[in-house]
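All remarks here apply to the structure that follows.
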Amino acid sequence: MHTISKKSTKKAWAGAIAKPATEFPPTQLPILSGKVPDGLRGSLYRNGPARLERGGVPVGHWFDGDGAILGVHFTDAGVTGVYRYVQTAEYQAESKADKFLYGVYGMHTPGPIWKRWNQQIKNAANTSVLALPDKLLALWEATQPYALDLETLETKGLDDLAGLDNGLPYSAHYKRDPRTGEIYNFGISLGSSVQLNLYKSDASGKIIQKNAFKLDRYSIIHDFVLTQRYLVFFMPPMRMKMLPFLLGLTTFSDSLSWEPQLGTQVLIFDRENLSLVSRGETEPWFQWHFGNACENQDGSVILDVVRYSNFQQSNEYLREFATGETHTASHGTLWQVHLNPQTAKVTATHEVINRICEFPVVPRGQVAQPWRYTYVALLPERMNPGKEWFSAIARFDYKTETLTEVDLGENIYTSEPIYAQDSQNPEQGWILVVVYDGNSDKSEVWIFHSGLDAEPVCKLGLPSVIPHSFHGTWNPA
């Protein structure tokens, strides 16, 4: 009897998440091609879900994977890399049991339904990183960050930044003002009401001011923008079916409903005292990420954002992603938005990149300042939307309104592009990406000139495969 083996329909990107990632200690990285720029001195850090199964059981959503941090240190003596899981209390407990014990975003707590009532959520520590003078924070959405050693990535423990009392959450998308060093962030807490908590920290990360604002419903607010005078939030038109979630009938992810008739709420806060300045409404859209924002001379705010027509498609694509095979096309494109901060009225919107893209980034020194270039991860036109992961990086020039694109090649996939300023020439910068080569099943660090020449100036090898990650940062030496 002949058995016909079913041909896999998985794309090459799936190789990066096919098995849990392997840690490695501080290791000298080999130069595969080119040369490390003399002015590239500092550390690249990246965070993402590195384990998508345990004991043969898969996670329910990509957001549920255990976080692991990659550190790449560029020094005069060479380049070293280190990769470690964040040793959260829940990660350690699940490692010991060799099975999932907690609910996360798209997963229930295992076991009978009564175990899901008032369930403890696992701190996945898998979304972003914040480099402070004496520690690195592993950030995610729903609870406190974990502190790690900047060099070795050894986990030190939960960190309340001297202000996250009573389990206040600290989100993944902080904004750091390059002039003052102040760090702004938020967190959404669910209780008898839905609360948007706002935080201002000094350059050390210590929270020096906070405020809480009651929202009229729950919505996913994953990111915001900072300007010279304001914090700007957009609340997508969503609701949470609270009772089925609290009773353990639905996961957090499945309890969220898209309700475009509600419109997108605009909330603008004063960055000095964190008080509400204005509140308005605009057309329905969903966003995960903003690029940057600033104020024009007339006092209006201009920002860029990757917009989706709805939440459900994007969330479903990200759920499928963890399985290694996607079918749902999720069209996020880059838009520019103008608004009046005194009235929270959106005065103009304009699509600037009519291509599927994500992870918009600007140079760290231009956050909350006027900027010319936004960098993104991009889907090449040769690829099938809904089936693939980003395989190009691009730079949009607002001055000339042109897109410069670099296609990394067949079966080669990129992470969010990170801008690193040159230490010798402040006008010069480099774009760093961690790529997964599905042809050879290897991960590498590629360094591009910030003008995005077709070829990287340097490629560095990594000791093991780094699964596709979410966000990173550059910490100058």
Report the C-alpha separation of Trp62 and Trp389 in whole Å, then their side-chain angles, then the decisive distance to 0.1 Å, and conclude whether the ring-ring contact (aromatic ring centres under 6.0 Å, His included) test is met.
CA-CA 13 Å; Trp62 194 18; Trp389 183 245; 5.4 Å; yes
Given the rule in the side-chain contact (heavy atoms from CB on, under 4.5 Å) test, do Leu318 and Trp288 qualify, once you have shown the distances and angles that lead to the verdict?
CA-CA 12 Å; Leu318 295 166; Trp288 295 108; 3.7 Å; yes
Could you please spell out the steps behind the side-chain contact (heavy atoms from CB on, under 4.5 Å) verdict for Val435 and Val445?
CA-CA 6 Å; Val435 305; Val445 178; over 6 Å; no
Asn197 vs Gln195, side-chain hydrogen bond (donor to acceptor under 3.5 Å, both in side chains): CA-CA, chis, key distance, verdict
CA-CA 6 Å; Asn197 307 289; Gln195 199 165 278; 3.0 Å; yes
Salt bridge (Lys or Arg N to Asp or Glu O under 4.0 Å) between Arg239 and Glu259, intermediate numbers included
CA-CA 7 Å; Arg239 283 192 194 280; Glu259 304 199 11; 3.5 Å; yes
Could you check Asn315 against Tyr105 for side-chain hydrogen bond (donor to acceptor under 3.5 Å, both in side chains), going step by step and ending with a plain yes or no?
CA-CA 11 Å; Asn315 194 47; Tyr105 175 77; 2.9 Å; yes
Evaluate the ring-ring contact (aromatic ring centres under 6.0 Å, His included) criterion for residues Phe269 and Phe213: first the C-alpha distance (whole Å), next the side-chain angles of each, then the deciding distance (0.1 Å), finally the verdict.
CA-CA 10 Å; Phe269 297 90; Phe213 178 79; 5.4 Å; yes
Evaluate the side-chain contact (heavy atoms from CB on, under 4.5 Å) criterion for residues Leu158 and Thr88: first the C-alpha distance (whole Å), next the side-chain angles of each, then the deciding distance (0.1 Å), finally the verdict.
CA-CA 8 Å; Leu158 278 170; Thr88 68; over 6 Å; no
Before you tell me yes or no, could you show the steps for Asp304 and Phe290 under side-chain contact (heavy atoms from CB on, under 4.5 Å), namely the whole-Å CA-CA distance, both residues' side-chain angles and the distance that decides it to 0.1 Å?
CA-CA 6 Å; Asp304 57 10; Phe290 296 92; 5.7 Å; no
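Under the 4.5 Å side-chain criterion, counting only non-hydrogen atoms from C-beta, Phe233 is in contact with Leu198. Under the 4.5 Å side-chain criterion, counting only non-hydrogen atoms from C-beta, Asn47 is not in contact with Leu139. Annotation: side chain of Tyr85 is in contact with side chain of Tyr91 (closest heavy-atom distance under 4.5 Å). You'll find the side chain of Ile412 stays beyond 4.5 Å of the side chain of Tyr436, heavy atoms only. Between Asp98 and Lys96, every side-chain heavy-atom pair lies at or beyond the 4.5 Å cut-off. With contacts defined as side-chain heavy-atom distances shorter than 4.5 Å, the pair Arg382/Ser391 qualifies. A heavy-atom distance below 4.5 Å is not found between the side chains of Ile447 and Ile431.
Residue pairs meeting the side chain to side chain donor-acceptor pair (under 3.5 Å) criterion with at least one member in residues 205-215, sequence neighbours excluded: Asp165-Lys210, Lys200-Gln209. Sorted by first then second residue, the ring-ring contact (aromatic ring centres under 6.0 Å, His included) pairs that include residues 119-171, not counting sequence neighbours, are Tyr170-Tyr199. Counting only residues at least two apart or on different chains, the side chain to side chain donor-acceptor pair (under 3.5 Å) pairs with a member in residues 72-84 are Arg41-Asp76, Ser43-His73.
No donor-acceptor pair closer than 3.5 Å links the side chain of Thr473 to the backbone N or O of Leu130. Of the possible donor and acceptor atoms, none in the side chain of Asn126 sits under 3.5 Å from a partner among the backbone N and O of Pro49. Not a single donor-acceptor pair under 3.5 Å links the side chain of Gln87 to the backbone N or O of Thr155. Side chain of Ser219 to backbone of Pro236: a donor-acceptor contact under 3.5 angstrom is found. Looking at Thr264, its side chain does come within 3.5 Å of a backbone N or O of Trp285 through a donor-acceptor pair.
Ring to ring, His468 and Phe321 are close: their centroids are under 6.0 angstrom apart. Aromatic ring centroids of Phe252 and Tyr218 lie under 6.0 Å apart. Ring centroid separation for the pair His289 and Phe359 comes in under the 6.0 Å cut-off. For Tyr413 and Phe390, the gap between ring centers reaches or exceeds 6.0 Å. The six-membered or imidazole ring of Tyr174 lies away from that of Phe186, with a centre-to-centre distance of 6.0 Å or more.
With respect to Asp64 and Lys122, no salt bridge is recorded, no charged nitrogen being found less than 4.0 Å from a carboxylate O. The pair Lys135-Asp149 fails the salt-bridge criterion, with no side-chain N (NZ, NE, NH1 or NH2) lying under 4.0 Å from an Asp/Glu carboxylate O. Ion pairing of Arg271 with Glu182 is present here, as a side-chain N (NZ or NE/NH1/NH2) and a carboxylate O approach within less than 4.0 Å. Salt-bridge formation is not detected for the pair Lys10/Glu325: no Lys NZ or Arg NE/NH1/NH2 atom is positioned less than 4.0 Å from an Asp or Glu carboxylate oxygen.
Of the candidates Lys387, Arg319, Glu316, Glu320, Thr328 forms a side chain to side chain donor-acceptor pair (under 3.5 Å) with just one, namely Glu320.
No hydrogens or angles considered: nothing links the side chains of Thr374 and Asn292 as a donor-acceptor pair under 3.5 Å.
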